[in-house]
Protein chains: 2
Amino acid sequence: MNLPPLTQAFVLHFGEMGSRWGISRTVGQIYALLFLAEQPLNADDITEKLGFSRSNVSMGLKELSSWRLVKLQHKPGDRREYFSTPEDIWEIVRILAEERRKREIDPTLSMLRQALVETPATEDERHAQARMAEMHGLIELVTRWSEDIQKLETQTLIQLLEVGSKVQKVFEIKDRLKVVAGGKSRRRAKSEGPADV
Amino acid sequence: MNLPPLTQAFVLHFGEMGSRWGISRTVGQIYALLFLAEQPLNADDITEKLGFSRSNVSMGLKELSSWRLVKLQHKPGDRREYFSTPEDIWEIVRILAEERRKREIDPTLSMLRQALVETPATEDERHAQARMAEMHGLIELVTRWSEDIQKLETQTLIQLLEVGSKVQKVFEIKDRLKVVAGGKSRRRAKSEGPADV
DNA sequence: ACGAACTTTCAGGAATTTCTGAAAATTAGG
DNA sequence: CCTAATTTTCAGAAATTCCTGAAAGTTCGT
């Protein structure tokens with residue numbers, strides 16, 4: 001490996017992190033390197049800097065492309081392919097969220113939906129189905145929220161994250177106003193117990 | 001494997017999903033089984049239902065305990081240990097988020113902080129460091145938001161997720177009011193370009 | 001349509017992770 | 001303390017995943 005120290009620490013760290021996720025150490029390192037690079041890199045640059053085989057780099061880039069995590073571009077007068085990551089780091093988060101939804105959430109939801117239309121044969125299966133219904137509701141809720149949030153511009157999203165749960169206050173005030181005004185006040189759910197999601 | 005069909009589909013699915021994440025197929029299956037079970041199960045129950053070795057179940061339960069994903073309890077007059085998952089599925093999400101933060105986010109943040117106090121030797125390293133600063137900012141923002149949100153009661157959290165990005169409207173209205181009133185209107189950041197996170 | 005430059009594929013070896021059975025350790029009750 | 005029930009550990013077998021070199025494939029300029 002042939003990298004300046006700061007870069008090297010980062011690359012190694014994301015290699016390890018990668019292998020905790022579904023991706024291999026190599027793929028993690030390639031991505032980390034591209035993320036830090038000011039200029040797009042070609043496969044030979046990567047091979048040279050990270051010190052594994054050319055074919056491994058090729059496979060890694062292919063996997064990263066399938067995740068839409070790298071952009072491919074060409075330089076005039078150079079036949080080689082150059083790779084880079086999106087400039088806007090929030091864009092990266094968006095892409096990751098979308099791809100994970102496609103690969104993990106959607107299949108899970110469809111498995112759950114399938115299970116929910118079956119008729120449970122025993123008391124055990126009845127309970128299992130109820131549990132799956134809870135999980136289905138949770139996933140749907142979170143997924144909808146996240147799709148919704150993804151549409152926001154980066155700046156708006158940041159604003160929203162910054163206020164965090166303080167938004168809660170707004171609801172409290174809103175509800176109080178409605179009550180005072182004597183309008184159809186929406187009952188605030190307060191009960192504990194299992195969520196009826 | 002010795003399970004009713006609905007349960008089996010779910011267990012197999014989470015086995016596969018588990019192996020896409022950092023956990024092994026077996027651990028995923030054990031957790032899925034416990035999640036669906038109405039009553040706490042002991043290690044022999046699990047061995048019998050899933051059909052792998054007793055020692056593997058023991059290791060799996062140990063790993064799940066280290067993630068705080070299973071609760072251990074005892075039945076009177078029975079020496080064996082019984083395992084279950086939290087009733088409230090949102091509690092599970094909270095625990096998962098906390099543990100992942102501890103294992104993945106915190107080490108990453110400390111690596112990044114370390115890198116950010118170094119003095120870059122070259123232009124490349126300067127750029128790499130700037131990229132790391134961006135990532136650091138993003139992670140901090142998201143982590144703070146998520147810690148903040150985790151403190152809410154389950155019901156309030158669900159409410160918040162349900163409104164999703166519609167909250168944005170509240171800000172727009174608030175800002176407009178301030179402008180109309182001629183008060184110190186907080187400038188709404190609108191610029192594109194790299195986020196100064 | 002040929003050859004050079006570059007990229008991809010893929011069989012199989014290397015490395016890592018997962019799983020098992022046997023043995024050791026722990027614990028509760030007598 | 002001893003014993004039997006139960007859980008844990010761990011060395012190595014089995015399975016899986018990762019990586020490489022060699023060969024095949026693609027593409028562009030001439």
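Protein chains get the first letters and strands the later ones, always in sequence-line order, with residue 1 at the start of each.
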Mind calculating the distance between [atom1] ([X]) and [atom2] ([N]) to the nearest angstrom?
X	N	atom1	atom2	result
B:D44	D:dT8	CG	C1'	14 Å
A:E63	D:dC19	CD	C1'	13 Å
B:E81	D:dT6	CD	P	11 Å
B:D78	D:dT6	CG	C1'	10 Å
A:Q29	D:dC18	CD	P	13 Å
A:N56	C:dA11	CG	C1'	15 Å
A:I30	D:dC19	CD1	C1'	11 Å
A:L41	C:dT7	CG	P	13 Å

Can you name the atoms? Protein N/O to nucleotides 11-14 of chain D N/O, anything below 3.5 Å, with the distance.
none

Can [X] and [Y] be counted as an ion pair, charged N to O under 4.0 angstrom?
X	Y	answer
A:R101	A:E98	no
A:K71	A:E87	no
A:E91	A:R94	yes

(Q) Is there a side-chain contact between B:R54 and the phosphate of D:dT7, meaning an N or O under 4.0 Å from OP1 or OP2? (A) yes
**Q.** C:dT7 OP1/OP2 closer than 4.0 Å to side-chain N/O of A:S58
**A.** no
Strictly under 3.5 Å: I want the nitrogen or oxygen pairs between protein and nucleotides 22-30 of chain D, one per line.
| from | atom 1 | to | atom 2 | distance (Å) |
| --- | --- | --- | --- | --- |
| D:dT27 | O2 | A:R79 | NH2 | 2.6 |

Q) Heavy-atom contacts under 4.0 Å between residues 18-26 of chain A and DNA chain D, which residues? A)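 Residues of residues 18-26 of chain A that come under 4.0 Å of DNA chain D are, in numerical order, A:S24, A:T26.
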Q: Output every pair passing side-chain hydrogen bond (donor to acceptor under 3.5 Å, both in side chains) with a member in residues 35-45 of chain B, not counting sequence neighbours, ordered by first then second residue.
A: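 Qualifying pairs: B:N42-B:Y82.
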Check: protein-nucleotides 13-15 of chain C nitrogen or oxygen pairs below 3.5 Å:
none

Which nucleotide sits closest to the side chain of [X]: [options]?
X	options	result
B:K62	D:dT20, C:dT7, D:dT9	D:dT9
B:A43	D:dT7, C:dT7, D:dT20	D:dT7
B:F52	C:dC6, C:dT8, C:dT20	C:dT20

**Q.** Inter- and intrachain pairs under ring pair (Phe, Tyr, Trp, His ring centres under 6.0 Å), touching residues 117-152 of chain B, at least two apart
**A.**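 Output for this query lists A:W145-B:W145.
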**Q.** Counterpart residues, ring-ring contact (aromatic ring centres under 6.0 Å, His included), relative to B:F83 (two or more places apart)
**A.** none
Q. Is any side-chain heavy atom of A:T108 closer than 4.5 Å to a side-chain heavy atom of B:F14?
A.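 A:T108 vs B:F14: side chains touch.
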Q) Given that B:V27 and A:N42 both sit by DNA chain C, which one's nearest nucleotide is further toward the 5' end? A)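 That would be A:N42.
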With sequence neighbours left out, write down each residue that passes salt bridge (charged side-chain N to carboxylate O under 4.0 Å, His left out) with [X], or none if nothing qualifies.
X	result
B:R80	B:D78
A:R79	none
B:E16	B:R25
B:E104	B:R100

Q: Dump the intermediate steps for side-chain contact (heavy atoms from CB on, under 4.5 Å) on A:I46 and A:L61, then the final yes or no.
A: CA-CA 10 Å; A:I46 299 172; A:L61 288 169; 4.1 Å; yes
Q: State whether the number of non-hydrogen atoms from other residues, nucleotides or ligands found under 6.0 Å of B:K62 atom NZ is greater than 12.
A: no
**Q.** side chain to side chain contact (heavy atoms under 4.5 Å, CB included) involving A:V142 - partner list, sequence neighbours excluded
**A.**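 Applying side chain to side chain contact (heavy atoms under 4.5 Å, CB included) to A:V142 gives A:L138, B:W90, B:L161.
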